[in-house]
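Okay, so here's the structure we're looking at.
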Amino acid sequence: MLIQGRRQRTIWLGEDGRSVQAFDQTKFPHEVEILTLRDVGDAARAIADMQVRGAPLIGATAAYGVAIAMREDTSDAGLDAAVKRLAATRPTAVNLRWALDRMAERLRDVGQSRREEIAFREAEAIADEDVAICRAIGDAGLALIRNIMLAGREGDPVNILTHCNAGWLATIDWGTATAPIYRAQEEGIPVHVWVDETRPRNQGASLTAFELLQQGIDHTVIVDNAGGHLMQHGLVDICIVGTDRTTRTGDVCNKIGTYLKALAAHDNGVPFYVALPSTTIDWTISDGVREVPIEQRSPDEVTRMTGRTGDGRIETVAITPDGSPAANYAFDVTPARLVTGLITERGVCGANEEELAALFPDLAG
Ligand code: MRU
């Protein structure tokens, strides 16, 4: 996708062939800054501090983190230590575990002298596959948007509400929730996106708005609580969100506030779709509310906000009284019964065990 008019991925091999580079997403939308990952500690910090974030990108960064670690220490102990360190960065997105398991499995039976080369190749493959998967999600979701357009008034845009950033910045390219939107744009279907700001870290306001603007997609940023009102007034045709972990039964864990959007959509008869690569399905669990580990982050993210002042400085300010405690639950779970359908790289299916297993018989086990 485009940044400042140039086609880019979110993570790539550095020109020195030894480091890995990515956009520092804590700097968007006001600055475009590139981050260089030189050792496994850099990769772990980038994930934990959310300089890179979004389930598929977290997985790819962890894979590159293992590859970088193989530069320093190709022993089994070195591999185990890198995997352990990266696995401890963030608990909710299952792509992290998926990518680390894949890297460890690939490298375990390989002689130490070849581990570095093979690790980089495998990390590249994970990134390339994610691009193809997201593009396929776009094709599958495009049909839903096209059907809404065909049923609507000619010339009216299809109004899509999304939460957080399940855009190309959360993946390697295309995004998950945004892929059908970008495909619709390619097909000349008029779309308009309602962008939930997504407190506390404002991934909607800072990242989704940024990438839609770069891509020339019509959009409007709204406060997190506006979605229900818009749905009551017929201003949302479809919700499309991403997910960090989906159970085999179709429960969906995504950024905090997603559940409330699903409730509002259900109450107003608005279709609520979740776009996901199969790498975000956790086939080992069936009850999202009880089994998905929900990340709790620093209360500082709730009590403070960062933005640009009128004279161009980036400043962080307090927005709560000193001494008021804050809690920062980063994700919630939307039960499958509130999900109209799952948009995957193999097509759209119902959010239930039978349909997911039918689409992915090779993974369902
Ligand atoms: O905390 P974040 O910014 O990593 O959370 C990201 C999300 O919740 C996304 O919706 C999810 O990872 C899907 S990304 C295609």
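Since this is a predicted model, take the numbers as computed values, not measurements. Just follow the structure's listing: the first ligand is 1, and inside any ligand the first atom is 1.
Counted by atom type alone, T36 and Q21 present one or more donor-acceptor pairs between their side chains at under 3.5 Å.
Considering only residues two or more places apart in sequence or on other chains, R18 meets the salt bridge (charged side-chain N to carboxylate O under 4.0 Å, His left out) condition with none of them.
Near P56, meaning under 4.0 Å from one of its heavy atoms, ligand 1 places the atoms 14 (S), 15 (C). Listed by number with element, the atoms of ligand 1 under 4.0 Å from a non-hydrogen atom of T243 are 11 (C), 13 (C). Residue Q203 approaches ligand 1 through these ligand atoms, each under 4.0 Å from one of its heavy atoms: 1 (O), 2 (P), 3 (O). For ligand 1, the atoms lying closer than 4.0 Å to a non-hydrogen atom of R90 are 1 (O), 2 (P), 4 (O). When each atom of ligand 1 is checked for a heavy atom of A170 under 4.0 Å away, the hits are 14 (S), 15 (C). Each of the following atoms of ligand 1 lies closer than 4.0 Å to a heavy atom of C164: 5 (O), 6 (C), 7 (C), 8 (O).
Contact check on D73 versus R115 returns no salt bridge, with no Lys/Arg side-chain nitrogen under 4.0 Å from an Asp/Glu carboxylate oxygen. No salt bridge links R121 with E124; every basic N to acidic carboxylate O contact stays at or beyond 4.0 Å. Salt-bridge check for R346 with D362: passed, with a basic side-chain N closer than 4.0 Å to an acidic carboxylate O. Salt bridge status for R248 with E291: absent, with no side-chain N to carboxylate O gap under 4.0 Å. A salt bridge between R199 and E197 is absent, with no side-chain N of the basic residue lying under 4.0 Å from a carboxylate O of the acidic one. Using a cutoff of 4.0 Å between basic side-chain nitrogens and carboxylate oxygens, D244 and R90 are not scored as salt-bridged.
N254 OD1, 2.6 Å is the protein heavy atom nearest to atom 10 (O) of ligand 1. Among all non-hydrogen protein atoms, the one lying nearest atom 11 (C) of ligand 1 is D244 OD1, 3.1 Å. Closest to atom 15 (C) of ligand 1 among all protein heavy atoms lies T176 OG1, 3.1 Å. Protein heavy atom nearest atom 6 (C) of ligand 1, with residue, atom name and distance: R53 NH2, 3.5 Å. At the shortest separation from atom 5 (O) of ligand 1 among protein heavy atoms lies K255 CE, 3.4 Å.
Screening residues 141-160 for salt bridge (Lys or Arg N to Asp or Glu O under 4.0 Å), with sequence neighbours left out, gives R146-E187, R153-D156.
For the ligand labelled ligand 1, residue G175 lies outside the 4.0 Å heavy-atom shell. Within the 4.0 Å heavy-atom shell around ligand 1 one does not find L276.
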